[in-house]
Amino acid sequence: MRLELDGEMVERARKLAKEVTDEVQKFIDLRSTDSVERTVSRLFGIDGVNSEGAPLPNVVVDDVKIGGGLKRGIAYWIANGCVAKNLDPQGLAEAVGRKEFSLVKIPPQNEGLVDQKMDELAAKAIEKIEDVRNKRDKMLEELGDPKKPYIYVIVATGNIYEDVVQARAAVREGADIIAVIRSTAQSLLDFIPYGPTTEGYGGTYATQANFKIMREALDDIAPKVGRYVRLTNYASGLCMPEISAIAALEGLDMLLNDSMYGILFRNINMMRTFVDQYTSRLICAFSHITINTGEDNYIKTSDPIERAHTVTTSQLINEQFAIKAGMDPKYMGIGHAFEIDPDVENGFLYEVSHALLTRTLFPYATPKYMPPTRYMTGNIFKGYAQNTLYNLVSIMTDQSIHLLGMLTEAIHTPLVQDRYLAISNAKYVFNNAANFGSEIELKKDGFIQREAQKVLENAVSLLEHVKEVGLMAAIEEGTFGDISRRMDEGKGSDGVFVKGEDYSNPLIEEMERLLGVRR
Amino acid sequence: MRLELDGEMVERARKLAKEVTDEVQKFIDLRSTDSVERTVSRLFGIDGVNSEGAPLPNVVVDDVKIGGGLKRGIAYWIANGCVAKNLDPQGLAEAVGRKEFSLVKIPPQNEGLVDQKMDELAAKAIEKIEDVRNKRDKMLEELGDPKKPYIYVIVATGNIYEDVVQARAAVREGADIIAVIRSTAQSLLDFIPYGPTTEGYGGTYATQANFKIMREALDDIAPKVGRYVRLTNYASGLCMPEISAIAALEGLDMLLNDSMYGILFRNINMMRTFVDQYTSRLICAFSHITINTGEDNYIKTSDPIERAHTVTTSQLINEQFAIKAGMDPKYMGIGHAFEIDPDVENGFLYEVSHALLTRTLFPYATPKYMPPTRYMTGNIFKGYAQNTLYNLVSIMTDQSIHLLGMLTEAIHTPLVQDRYLAISNAKYVFNNAANFGSEIELKKDGFIQREAQKVLENAVSLLEHVKEVGLMAAIEEGTFGDISRRMDEGKGSDGVFVKGEDYSNPLIEEMERLLGVRR
Amino acid sequence: MINNLDLEHLRPYGDQLNDGVIQLSFTLPVPAGAKAREAAKRLIESMNFSDVQIVHSEDIGEDFTFFVVYAKTTRDVNYKEIKTLEVEVPKMGMEEINEKVFKYLKRQIVIVGATIGSDAHTVGLDSILNMKGYHGDSGLERYRAFKVYNLGSQVPPIELVKKAREYNADVILVSQVVTQRDIHIKQLTELADILDAEKLRDRVLLVVGGPRITHELAVELGYDAGFGSGTMPSEVASYIVEKMVKIS
Amino acid sequence: MINNLDLEHLRPYGDQLNDGVIQLSFTLPVPAGAKAREAAKRLIESMNFSDVQIVHSEDIGEDFTFFVVYAKTTRDVNYKEIKTLEVEVPKMGMEEINEKVFKYLKRQIVIVGATIGSDAHTVGLDSILNMKGYHGDSGLERYRAFKVYNLGSQVPPIELVKKAREYNADVILVSQVVTQRDIHIKQLTELADILDAEKLRDRVLLVVGGPRITHELAVELGYDAGFGSGTMPSEVASYIVEKMVKIS
Ligand code: B12
Ligand code: B12
Ligand SMILES: Cc1ncc(COP(=O)(O)O)c(C=O)c1O
Ligand SMILES: Cc1ncc(COP(=O)(O)O)c(C=O)c1O
């Protein structure tokens, strides 16, 4: 089954998306954020909390910020402190945490020594990340990469230990990817909670300890089921790059990470999000972490047929931002979703068309396909039928990452049996219709072809407009998800700052160099 | 979506099937059965039971049989009795039921008068049937024929009044056809039970009163829902033609009626079945009753992939027998089914291929597609997913009569909610994928095309063999459903007899004449 | 309704009147097998079920067993004596509502709406408030009679109360969609407590909505009304007017 | 098994250990609406459920309302004390069985099988008896140790007993698939009664199978064993041999 797309139109779309993001990247390059600086602290080895429970990466960055030194970059202050106090970054941070001193109050040390320290800390961080990455790449190769579409399920009990139990059961049943959903509104926290947690709402807190616990559980069961099992979490919200950092350290395989989701759906400041996503994606690109973009969200609040082109537009923008962060396409989990009202006549044809469009536009990516959610109801049987067709569209159109729909979507986060039923439905359909997509052709100039072409054309028109007014203004206009956000609005705006002349961040620079995107 | 079949192969298959059935028809034409004679009695107006509860049609036929006169045909004896006693057939039968006299003991009356009586009774019977038929044709036209595939559900409570309640609910939900399933083993009764019944097992007794009750209920609700609602029952088993007769009288729209089902699955004698099916089909053809053939049964006991060609073979045989009975193709509900093990890789492709084969081979018929049953389990959710794909194949391949699968198929006859869930699943899929079949093409020489061609070829080979050995010997060999039956074996063989030289049956002859199949 | 129905002893209808058939499914954290099946059977039997049929039991990994069960309840319910707590208001048209408000109150009704606490689901609240409305039924913003302030999502209760005071609100509409671990109960209670503490509770009509909200629950939490799944804006409008006019 | 499991108070596991969550669905023969929902809720609450959530209620025509419910059981079950009635036999290989029979009995075991009464479902019985067997496990005909007479379907109990006597059967295997209105109970009881009356009961091993048959039910009806859904021929073979050798 092949979609015939106008090749020129595709090129034009990509070019426009590039131009749109080029403009934004200029803003990004001039700035950093509190979270980017905390990311550096974390990768330099700072972890733990102070006696009041504040995470030490926050403590040191806040210390420098209050002291007015953040424009120079936290890397400098940590290196300077380490040299002065002859401590490692963790020791230094603990001392700051105990309020023994402030980093900005430490007299500037020999510049050569400080530079050397920064480079040394950066190199160590890089090495750590590489170690984890290489270990995972090796495991993936040894255990074997499961067949696509990967079966992706969520666990969301709020308690990491219950999550582990349920994740293990899901893996036994056939899950290839486990996503631990975060607790409601964690994205609005300007810090990452610490330690193993057992009390979340609608999900489990993303903490480094929780990552480790789940990673170990999955690594324990993977050899037993004879396939590599991927772990997913969320690099969204006010701690976007930091989460990427701890994910890199704990060997996660995927992160939900979108260049605009936080702006639109969490009312996070635009500049903050754009700057954060860049660092966040550098880390992902470097760590071989697949990102999952969030276009499914747009058609949760706007019409999935009429606004289909906003999904395409956002996908192209996400792709360009990922390219700017040096990401190999195979780590781009370009998002889309099966969200059309089940009562729409020929809704199935629209879904096939849209899903094929994503697949065809991004041939080297690993698209992430999301299930029906907004038109799921308390009728769990009906929901199970909707998920059956969703599974069919996925296997027909050759999707890569397949997030399973739950029959209880409208009711609660998944019960252990809901997940089982979802997995067995997907396995049934994937096997039963394995080669269906390659055994049929689309009618020439038929509905499916025309619909895809139309969506693409609309995306191009929209991109033209966005290019004209600029991405930020377009967001103000309510282009995506029918939501409007103003440039100066939103949470976390006070955490964005323009880098000083003397700003240094050798860690990020080294990653840029290694990824070939040194700017 | 078009299946490319080798046109010559199709013709060859039809020709072979014709030749095979021509041979059988020679046997049929020479014979009658107790049930055929009871059918004549019924259509002459005999109904009711005697004081011991024996149905009067049985009473009169048994009376003549014991008296050694059946070779002449019951029509003669009834007419002779009516003339002699100046009674109508019902009065006559009641008298015989009271053992007042035996029909064979009544002296032969003036031949001209008797002939005239026979013709008169036949003409009245024809008129009655025509009246019912015309009334139904008119209602169908006025109320409107629902869109195909027709949504066909069963009721099977055992109690006709409960059946009515559930049938009405089903019609409200969208059912186009209500089939009242018969009580277990009614097909082995050599009489039709009498009156309204409330105690059946796995189904409700087929009685004329029950037919009337349900017909009235459906005719009452049809205008309320604004569409014609069809009623179905079973003309199978030892009373095959009699059931057709009462169905014709009560205005049923469809009957399960297969030329070989009884032989194979009920161990009814071959000759009995072949002879009975002929009269039975004449009545259906004349009454515009759609028959539903039973090929789905073959793949309940034999492998649906390996033995797919036995389905095709039987379909072609059923078609030829129907043609011999003067049936318009649009009343041929050629049976087939979605019965492949859901664990088979690409089972969905086989199903599409087989379903298309039936659709393509019988372009003027109204194929009846049957749901998954044998691989349904107590996992009702899994079953609901299987039914979703079944519904999709049906709408994709443009089936006409669509018997709904029940999620509780492996557990019990349908609960009111099971039927509702089935209907809403079908409506969802039929609407959501309405034009899917016409928007795709099959890959040229792809799996689906090749599989269909292969099944057709195998059917031709089989028909060649059947032609060589004869249909009856082929059945002995276990050709269909992996079941072997011997010619002389089986229930009801003592009810078959060779017509005498003086046999007369003006009713059947008149129908043959009107249908253009006078032999 | 069907014949012979004994409304004082209403029972589920499966295949026959009063057969009491119910379908169940659940998971026990023990390995599949005869012992698990027996445990499932006993559990269900201990819950006023008879004729318990374990129609499916399956190992779903890590020593969990999933069951599908059909059984018959031994209980019935007196349908005749049921008085529902549902908000019952005469449904009025938009113009009727507008006129009524201006006739009796002689001013617009001020409405403040928000999804509170950690809840970010706005679609439900927006369906009630936005012009566009829900399934063709216009939202409250479209009514001349209402002045609507939609504060959006994740509004802390204290903030909502501040705004209500600022706008001199007659009605507070809150939405709660996430219910896991009863977070909605906590957040709704917090709002009610603040209103009480600030002596505002008696001066506003306090209404909550969401897919898992029932009127019964709302009343229990000290709210005036609760609206569940599938609520139409016009129902809410009618309710508000009915109440406001009564109060005035 | 998972940690912290209290096997003496075993409860369903939905999202959390011991949360007791159960899914239900059923139909009430009353019109959809608040009153029907309340009736459904009360019914379920009267059955040792708490936290009853009516997550779906829908008019399904003719004043029937279909419900989907999630609720928590207030009960638990003592898993430790469960002794199952299941037939438990050591599974033996075909050769082992053959050898054992010839060693201890020194002759073939004669088996007569049928589906009785009005039941025409032969696939299940054939799966146990026919050479081909079930899911790759050979049927009893394939064992040298058995002489099998498969009488097919719809055999009247009296006929079956006649044949059993005629063939000097050691074992009678009956299959019952249709269970509507307990027809299987009637037919199985009839067979047992005839065997009793004919003083044959003690001389044969009497076994019943079918998808809705449990060992418990079989024993209750006076049978030696019952086999349910998914039975493998080798299980039946092992059971027969174990018993026959013990008897001899
Ligand atoms: C869309 C959606 C989202 C969107 C929300 C976008 C937005 N701006 O609203 C996004 C993607 C952001 C989202 C996120 C999350 N979601 Co969400 N989401 C949904 C989804 C798919 C649809 C909800 C919806 O829009 N329904 C349509 C509206 C019209 O229906 P409604 O809300 O019921 O509203 C009607 C009535 O209830 C009533 N009503 C509602 N509010 C009010 C208020 C008043 C005053 C009145 C009178 C009436 C009223 O009137 C409305 C019209 O009839 C549901 C699943 C589902 N199918 O229901 C899950 C769901 C609600 N989400 C859920 C969860 C857990 C989350 C997350 C917490 C997950 C996570 N850990 O990240 C996050 C975080 C959200 C947060 N912080 O609150 C769960 C809640 C489980 C539970 N019962 O606790 C659900 C059920 C999915 C699931 N099974 O897990 N979600
Ligand atoms: C195939 C089938 C038929 C075929 C049977 C063909 C044949 N020759 O067997 C046909 C089409 C003829 C048929 C007809 C009817 N059927 Co039927 N049929 C089925 C179906 C789809 C599959 C049964 C099957 O073959 N299963 C596969 C076998 C291998 O499984 P099994 O029987 O469980 O056997 C296993 C075990 O139970 C055990 N076992 C079984 N017997 C024995 C015996 C011994 C001694 C031992 C040790 C073990 C054992 O071992 C086997 C292997 O593991 C079921 C639905 C379903 N999916 O289950 C309905 C079903 C059984 N049929 C049903 C009904 C009602 C009928 C009819 C009465 C309908 C009617 N009114 O016309 C008729 C009449 C039949 C009659 N007189 O008995 C109902 C029974 C409902 C109930 N619980 O009462 C079912 C459940 C469908 C439904 N939901 O309505 N049917
Ligand atoms: C990209 C992305 N990030 C994050 C989330 C989750 O929400 P939160 O903002 O609570 O992390 C989603 C939700 O679907 C998402 O698509
Ligand atoms: C043609 C035909 N007749 C009859 C029946 C029903 O069985 P019985 O023989 O009990 O009437 C079937 C069952 O599926 C059938 O296909």
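By convention in this document, chain letters (A, B, ...) are assigned in the order of the sequence lines, proteins followed by strands, and residues within each chain are numbered from 1.
With a 4.5 angstrom heavy-atom cutoff, A:R266 touches chain C only via side-chain atoms. Only the side chain of A:L421 comes within contact range of chain C, with heavy atoms under 4.5 Å apart. Looking at A:E173, the atoms closer than 4.5 Å to chain C (heavy atoms on both sides) all sit in the side chain, from C-beta outward. No part of A:Q166 comes within reach of chain C, as not one of its non-hydrogen atoms sits under 4.5 angstrom from that chain. For chain A, the nearby parts of C:S25 are the backbone and the side chain; heavy atoms of each come within less than 4.5 Å.
Going from atom CG of A:L188 over to atom OG of C:S118 covers 9.5 Å, rounded to the nearest 0.5 Å. Interatomic distance, A:D482 CG to C:N130 CG, rounded to the nearest 0.5 Å: 10.0 Å. The structure places CD of C:Q23 at 4.5 Å from CZ of A:F381, a figure rounded to the nearest 0.5 Å.
Closest heavy-atom contact between A:Y201 and C:K186: OH-NZ, 3.0 Å.
Not a single donor-acceptor pair under 3.5 Å links the side chain of C:R181 to the backbone N or O of A:G202. Side-chain N or O atoms of C:Q180 include one that pairs as donor or acceptor with a backbone N or O of A:A156 at under 3.5 Å.
Contact count versus chain C (heavy atoms, under 4.5 Å) is highest, among A:T377, A:L415, A:T413, for A:T413. Interface summary for chain A: among C:A120, C:S229, C:G61, the most heavy-atom pairs under 4.5 angstrom belong to C:G61. Among the candidates A:T301, A:N267, A:I411, the residue making the largest number of heavy-atom pairs closer than 4.5 Å to chain C is A:I411.
A 4.5 Å side-chain heavy-atom check between C:D119 and A:T184 finds every atom pair outside the cut-off. No side-chain heavy atom of A:R172 sits less than 4.5 Å from a side-chain heavy atom of C:I60. Counting heavy atoms from C-beta outward, A:I221 and C:E62 have side chains that approach closer than 4.5 Å. Considering only heavy atoms from C-beta on, A:Y420 comes within 4.5 Å of C:E58 through its side chain.
For A:E306, the CD atom is loosely surrounded, since the number of other residues' heavy atoms within 6.0 Å does not exceed 12. Heavy atoms from other residues, nucleotides or ligands lying under 6.0 Å from NZ of C:K162 number 12 at most. Residue-environment remark: NZ (C:K132) stays at or below the threshold of 12 foreign heavy atoms within 6.0 Å.
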